Enquirer: 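Got a structure for you, questions after.
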Amino acid sequence: MSDSPANGADLDALHERVLAWFEENARVLPWRGVDDPWAVLVSELMLQQTPVARVLPVFEAWMARWPTPASLAADPAGEAVRAWGRLGYPRRAQRLHAAAVAITEHHGGEVPSDHAALLALPGVGEYTAAAVASFAFGQRHVVLDTNVRRVLARVLLGQAHPARSLTASERRLADRALPRADAHRWAAASMELGALVCTARSPRCTECPVADLCRWFAAGRPEPDEPVRRSQAWTGTDRQCRGRLMAVLREHEGTVPKVALDATWDDATQRERCLDSLLDDGLVTVHPDGTFSL
DNA sequence: CACCCGTGGGA
DNA sequence: TTCCCAAGGGT
C-alpha cells in the first residue's frame, strides 16, 4: 500500500475486476446498446434524480412518440411536460424539449457528440455531457455521478460517503482512476456497481468484486460521526404546492379554470406565489379567458 | 457555494 | 411511520 489513495497496480486490478463484473451483471436497459444518441440523452435527463424503475415506462412511451429530436421539437413544450408524468422536476421535461429544439435548429437534428456542444444544451450539465459523450459515442470522459462518487469514496478514500459538494481534489481523483483504454466501459461499469452493489444504504459487500481492494471495507465500514445530510422538510413547501398545481394541470387535456387550482392548496398567498412562479418558469400558461394549461 | 427545483418506494 | 435518497442542473 502506498501513500496515495491507490497505486497503479491497485487501479489495474480495480478496472479489471469491475469490468469483468459488469460483463456478467449489467442490467439490460432500453437505452443501452441501441446506438441511438437521442435515446441516451432522453434517458439521462429522465434519470437525473429519478430511479431507473420509475423512468422505464415513461422512457418507452416517450421514445415511441418522439423517436427523434425533430419530432419532439415539432410538438409544444407543454406536451412534453404532460408526457413527463410524475417523474418529478417537470422543468427537466421543458429543458429536454428545449434541447430538442436546439439540436434541430443548430445540429441538423443529430445529437452532437462534442462535449462542449452537449454542455451547451438546456438541461445538460457536466455529468450529462460526459455521460452522453461516453455512452452514446464511446469517448473518454470522467463520468462523475452520485454512484461513481460513492464507489471512489469508499474504495480509494475509505469514506462511507462522498463529500457534500464535488471538490477539485475529488475530480482529480476520478481523473486519475479513469483507465486509458475502455474509459466509457469503466464509466458504465463503475456506475452500475454503485447502483447495484455499492449502494448508499445496505451495501452488498459480500457480492462486491473489489471488496478486498476497498479501503472502507478494510477499515470495517466505518460510518461518519454525523449524518452527512440534514433531512429537508417537505410538507408545506413551495415544491409540494407547485407539485399539486402541476398534477391538476397534467390530468386535464384542455384548460383548467382557476377554481380547480384553488382547490389544491389552502394557503392562498402561497398558492398564488407558486402559480406565479410556474408562470414565470413557463411551465404553466394563462389564457385570455383566465383559464390555465400546461 | 447554497439553495431551489418533484416524486414515490424501500428500509 | 418517518426518513432517506435516486444516472443533477441552474442560479
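Everything numeric here is computed off the predicted structure, so don't read it as measured data.
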Enquirer: Take the protein atom CH2 of W234(A) and the nucleotide atom C1' of dT1(C), then report the distance between them rounded to whole Å.
Expert: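 So the two atoms are 18 Å apart, to the nearest Å.
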
Enquirer: Looking across every strand, which nucleic acid part, if any, lies under 4.0 Å from R201(A) by heavy atom: base, sugar-phosphate, or nothing?
Expert: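 R201(A): base contact, heavy atoms under 4.0 Å.
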
Enquirer: Looking at R250(A), does any N or O in its side chain come under 4.0 Å of the phosphate oxygens OP1/OP2 on dT7(B)?
Expert: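 For dT7(B), OP1/OP2 do have a side-chain N/O of R250(A) under 4.0 Å.
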
Enquirer: Indicate whether the side chain of R95(A) and that of Y89(A) have a donor and an acceptor atom separated by less than 3.5 Å.
Expert: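 No, Y89(A) and R95(A) have no side-chain donor paired with an acceptor closer than 3.5 Å.
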
Enquirer: Write down the distance separating the C1' atoms in dG8(B) and dG10(C), rounded off to the nearest Å.
Expert: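 Approximately 24 Å lies between the C1' atom of dG8(B) and that of dG10(C).
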
Enquirer: Within the modelled atom types, does a donor on one side and an acceptor on the other bring the side chain of R54(A) and the base of dT7(B) under 3.5 Å apart?
Expert: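 Yes, the side chain and the base share a sub-3.5 Å donor-acceptor pair.
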
Enquirer: Checking all strands, does A131(A) fall into the base, sugar-phosphate, or nothing category for heavy-atom contacts under 4.0 angstrom?
Expert: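 Nothing, no nucleic acid heavy atom in range.
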
Enquirer: What distance, rounded to whole Å, do you find between the two C1' atoms, one in dG9(C) and one in dC1(B)?
Expert: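 The answer is 14 Å between these two C1' atoms.
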
Enquirer: Could you check how far CZ of R164(A) sits from P of dA2(B), rounded to whole Å?
Expert: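 Checked: the CZ to P distance equals 8 Å.
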
Enquirer: Which part of the nucleic acid does Q240(A) contact within heavy-atom distance under 4.0 Å: base, sugar-phosphate only, or nothing?
Expert: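 No contact at all - Q240(A) keeps every heavy atom at 4.0 Å or more from the nucleic acid.
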
Enquirer: Can you tell me how far the CZ atom of R65(A) sits from the CG atom of D75(A), to the nearest 0.5 Å?
Expert: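 So the CZ of R65(A) and the CG of D75(A) are separated by 5.5 Å.
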
Enquirer: Side-chain polar contacts of residues 203-214 of chain A - donor-acceptor pairs under 3.5 angstrom, sequence neighbours left out - could you list them?
Expert:
unit_1, atom_1, unit_2, atom_2, d
R204(A), NH1, L196(A), O, 3.2
D212(A), OD1, R17(A), NH1, 2.9
D212(A), OD2, R17(A), NH2, 3.1

Enquirer: Between dA7(C) atom C1' and L96(A) atom CG, what is the distance in whole Å?
Expert: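 Computing the L96(A):CG to dA7(C):C1' distance gives 15 Å.
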
Enquirer: Give me the distance, rounded to whole Å, that separates dT7(B) from dT11(C) when you measure between the C1' atoms they each carry.
Expert: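 That atom pair is separated by 23 Å.
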
Enquirer: Considering only NZ, NE, NH1 and NH2 on the basic side and carboxylate oxygens on the acidic side, decide whether D262(A) and K258(A) come within less than 4.0 Å.
Expert: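 Yes, D262(A) and K258(A) are salt-bridged.
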
Enquirer: For a quick check of understanding: with a heavy-atom distance under 4.0 Å over all strands, which category does R150(A) fall into, base, sugar-phosphate or nothing?
Expert: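 Result for R150(A) = sugar-phosphate.
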
Enquirer: Considering every strand and a 4.0 Å limit on heavy-atom distances, what is the contact class for G88(A): base, sugar-phosphate, or nothing?
Expert: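 If one applies the 4.0 Å heavy-atom cut-off, G88(A) turns out to touch a base.
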
Enquirer: Rounded to whole angstrom units, what separation is found between the CD atom of E192(A) and the C1' atom of dA6(C)?
Expert: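 To the nearest whole Å, that distance equals 14 Å.
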
Enquirer: Taking the nucleotide of DNA chain C with the closest heavy atom to each, which residue, T199(A) or L119(A), is nearer the 5' end?
Expert: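 By nearest-heavy-atom nucleotide position, the 5'-most residue is T199(A).
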
Enquirer: With sugar-phosphate meaning primed atoms plus P, OP1 and OP2, does V124(A) contact a base, only sugar-phosphate, or nothing at under 4.0 Å between heavy atoms?
Expert: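 Touches sugar-phosphate only.
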
Enquirer: What interatomic distance, in whole Å, is found between C1' of dA6(C) and the corresponding atom of dC5(B)?
Expert: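 Nearest-Å result for dC5(B) against dA6(C) at atom C1': 15 Å.
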
Enquirer: Between atom CG in D145(A) and atom C1' in dA7(C), what is the gap in whole Å?
Expert: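 For the pair D145(A) CG and dA7(C) C1', the rounded distance is 5 Å.
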
Enquirer: Using whole Å, report how far CD of Q48(A) lies from P of dA7(C).
Expert: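 Roughly 12 Å, once rounded to whole Å.
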
Enquirer: Between R86(A) and dG6(B), is there a side-chain N or O to OP1/OP2 distance below 4.0 Å?
Expert: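 No, no such contact exists.
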
Enquirer: Checking all strands, does L144(A) fall into the base, sugar-phosphate, or nothing category for heavy-atom contacts under 4.0 angstrom?
Expert: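 Result for L144(A) = nothing.
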
Enquirer: With the side chain counted from C-beta on, respond yes when R154(A) and L152(A) share a heavy-atom pair under 4.5 Å apart, and no when they do not.
Expert: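 No, side chains not in contact.
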
Enquirer: With hydrogens left out and only the distance checked, is there a donor-acceptor pair under 3.5 Å joining T128(A)'s side chain and the base of dG9(C)?
Expert: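 Per atom types, no contact qualifies.
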
Enquirer: Within the 4.0 Å heavy-atom criterion, would you say L45(A) contacts the bases, only the backbone, or no part of the nucleic acid?
Expert: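 The answer is nothing, as L45(A) stays clear of every strand by at least 4.0 Å.
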
Enquirer: Given dC5(C), dC1(B), dA7(C), identify the nucleotide with an atom nearest to the side chain of S165(A).
Expert: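 Selected nucleotide: dC1(B).
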
Enquirer: With a 6.0 Å cut-off on ring centres, are W38(A) and W66(A) close enough?
Expert: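 Here the rings of W66(A) and W38(A) have centres that are no less than 6.0 Å from each other.
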
Enquirer: Report the distance from atom CG of L87(A) to atom C1' of dG8(B), rounded to the nearest whole Å.
Expert: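 So the two atoms are 11 Å apart, to the nearest Å.
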
Enquirer: From the options dG10(C), dA7(C), dG6(B), select the nucleotide whose nearest atom is closest to the side chain of R95(A).
Expert: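 Among dG10(C), dA7(C), dG6(B), the one nearest the side chain of R95(A) is dG10(C).
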
Enquirer: For W84(A), report the nucleic acid contact type (base, sugar-phosphate, nothing); a contact means any heavy atom under 4.0 Å.
Expert: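 No contact at all - W84(A) keeps every heavy atom at 4.0 Å or more from the nucleic acid.
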
Enquirer: Taking the side chain of R239(A) as heavy atoms from C-beta outward, which of dG8(B), dC5(C), dC5(B) is closest to it?
Expert: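 The answer is dC5(B), which lies nearest to the side chain.
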
Enquirer: Would you kindly compare R92(A) and L166(A) by the position of their nearest DNA chain B nucleotide and give the one closer to the 5′ end?
Expert: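 The residue whose closest nucleotide sits nearer the 5' end is L166(A).
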
Enquirer: Over how many whole Å does the gap from Y127(A) atom OH to dG9(C) atom C1' extend?
Expert: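 It is 13 Å, rounded to the nearest whole Å.
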
Enquirer: So R185(A) and E192(A), salt bridge (charged side-chain N to carboxylate O under 4.0 Å, His left out) or not? Walk me through it.
Expert: CA-CA 10 Å; R185(A) 286 206 309 140; E192(A) 192 78 339; over 6 Å; no

Enquirer: When we call it a touch if two heavy atoms are under 4.0 Å apart, what does D281(A) touch: a base, just sugar-phosphate, or nothing?
Expert: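 The answer is nothing, as D281(A) stays clear of every strand by at least 4.0 Å.
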
Enquirer: Measure from the side-chain heavy atoms of A200(A) and tell me the nearest of dC5(B), dA11(B), dA6(C).
Expert: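 Among the listed nucleotides, the one closest to the side chain of A200(A) is dA6(C).
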
